[in-house]
Amino acid sequence: MYNEHFMQRALALSARALQEPGTEPFGAVVVKDGVVVGEGFNHSVAHHDPTSHGEVEAIRDACRNLGTVDLSGCELYTSCEPCAMCVAAMHIAGIGQLYYAATLAQSGEAFKGVTVAARHPIDVDVLRTEAGAPLAARAQPAEQKMDAEAVRILSAWAEPRRGG
């Protein structure tokens, strides 16, 4: 159930970017049973890590704090609607509920004309299309190589873990 206190915390994390170099204004918290179990905000530039989004950092923190990769039953509060990468991380971790403040469209409008650390601006519509498209339909060139070897390794890892 929504709790304004947790959204205020996500926004406070976001606001840290106003003072901390190498950060961007995207903050998030993971909540389990009414307690914050993970926090994070965007350190992409500072950490030289394009995956260091607020939601991903909050999920990483929650997983470390809880000693699990299963965040079933957790809620995520974030200062901005998550991008496709963060949505994927939330799904993989099992986050059950999302609460967000700004939409991606609102953040895109606020960021118009802004370039961060000489990188290209993120086009949210392209990101949504690319992330959801089958590999062959994506704009980024891709070629499959050495699949038989990869499948052998995957199968060897999976075999002793099969139930039944």
Side-chain angles (χ1 to χ4, degrees), residues 1-135 137-140 142:
M1 176 179 279
Y2 176 75
N3 183 317
E4 187 174 319
H5 169 75
F6 300 130
M7 185 60 78
Q8 288 172 340
R9 180 63 188 148
L11 292 168
L13 288 165
S14 171
R16 285 177 56 183
L18 300 172
Q19 267 85 45
E20 288 190 40
T23 63
E24 296 175 18
F26 302 99
V29 296
V30 175
V31 176
K32 183 172 180 88
D33 300 325
V35 176
V36 173
V37 294
E39 294 187 340
F41 84 110
N42 188 303
H43 286 89
S44 292
V45 175
H47 293 170
H48 308 288
D49 178 359
T51 69
S52 180
H53 290 195
E55 298 88 349
V56 171
E57 292 297 331
I59 289 168
R60 289 173 180 163
D61 190 41
C63 288
R64 280 189 299 268
N65 290 333
L66 296 174
T68 184
V69 295
D70 182 2
L71 299 181
S72 297
C74 290
E75 303 170 327
L76 191 140
Y77 289 76
T78 181
S79 62
C80 185
E81 175 187 353
C83 72
M85 176 187 70
C86 293
V87 169
M90 291 168 53
H91 179 76
I92 291 166
I95 297 288
Q97 177 70 48
L98 167 68
Y99 299 104
Y100 65 96
T103 66
L104 284 171
Q106 288 170 319
S107 71
E109 193 60 37
F111 279 28
K112 258 199 172 98
V114 173
T115 302
V116 180
R119 83 167 177 226
H120 64 284
I122 295 171
D123 184 327
V124 172
D125 292 328
V126 169
L127 182 61
R128 283 181 175 152
T129 301
E130 287 291 294
L135 194 61
R138 295 179 190 162
Q140 183 180 40

Going by side chain to side chain contact (heavy atoms under 4.5 Å, CB included), Arg60 matches just one of Val69, Val30, Thr51. Which one? Thr51

Could you walk me through whether Tyr100 and Tyr77 pass side-chain contact (heavy atoms from CB on, under 4.5 Å), step by step? CA-CA 6 Å; Tyr100 65 96; Tyr77 289 76; over 6 Å; no

Taking the side chain from Asn65 and the backbone from Asp61, do they hold a donor-acceptor pair closer than 3.5 Å? yes

Side chains of Ser14 and Phe26: closer than 4.5 Å at any heavy-atom pair? no

When rounded to the nearest 0.5 angstrom, what distance separates CD1 in Ile92 from CG in Leu71? 11.5 Å

Indicate the atoms forming the closest heavy-atom contact of Tyr99 with Met1, along with that distance. OH-C, 3.4 Å

Closer than 3.5 angstrom, by distance alone: can the side chain of Glu81 be matched with the main-chain N or O of Leu104 as a donor-acceptor pair? yes

Are the side chain of Ser79 and the backbone N or O of Gly27 linked by a donor-acceptor pair below 3.5 Å? yes

Can you tell me how far the CE atom of Met90 sits from the CD atom of Glu55, to the nearest 0.5 Å? 7.5 Å

Kindly indicate whether the side chain of Glu57, heavy atoms from C-beta on, has any atom under 4.5 Å from the side chain of His53. no

Backbone N or O of Gly38 within a donor-acceptor pair of the Lys32 side chain at under 3.5 Å? no

Measuring only between side-chain heavy atoms, which start at C-beta, is Pro25 closer than 4.5 Å to Asn42? no

I need the minimum non-hydrogen distance between Phe6 and Val35, along with the two atoms involved. CZ-N, 4.4 Å

Contact check, side chains of Leu98 and Glu75, non-hydrogen atoms, under 4.5 Å: no

Heavy atoms, side chains only, cut-off 4.5 Å: are Asn3 and Val31 in contact? no

If the condition is side chain to side chain contact (heavy atoms under 4.5 Å, CB included), which residues does His47 pass it with, not counting sequence neighbours? His43, Asp49, Ser52

In Å and rounded to the nearest 0.5 Å, what is the CG to CZ distance from Leu11 to Arg16? 14.0 Å

For Thr103, does its backbone N or O pair with a side-chain atom of Gln106 as donor and acceptor, under 3.5 Å? yes

Answer whether the closest heavy-atom distance between the side chains of Ile59 and Leu76 falls below 4.5 Å. yes

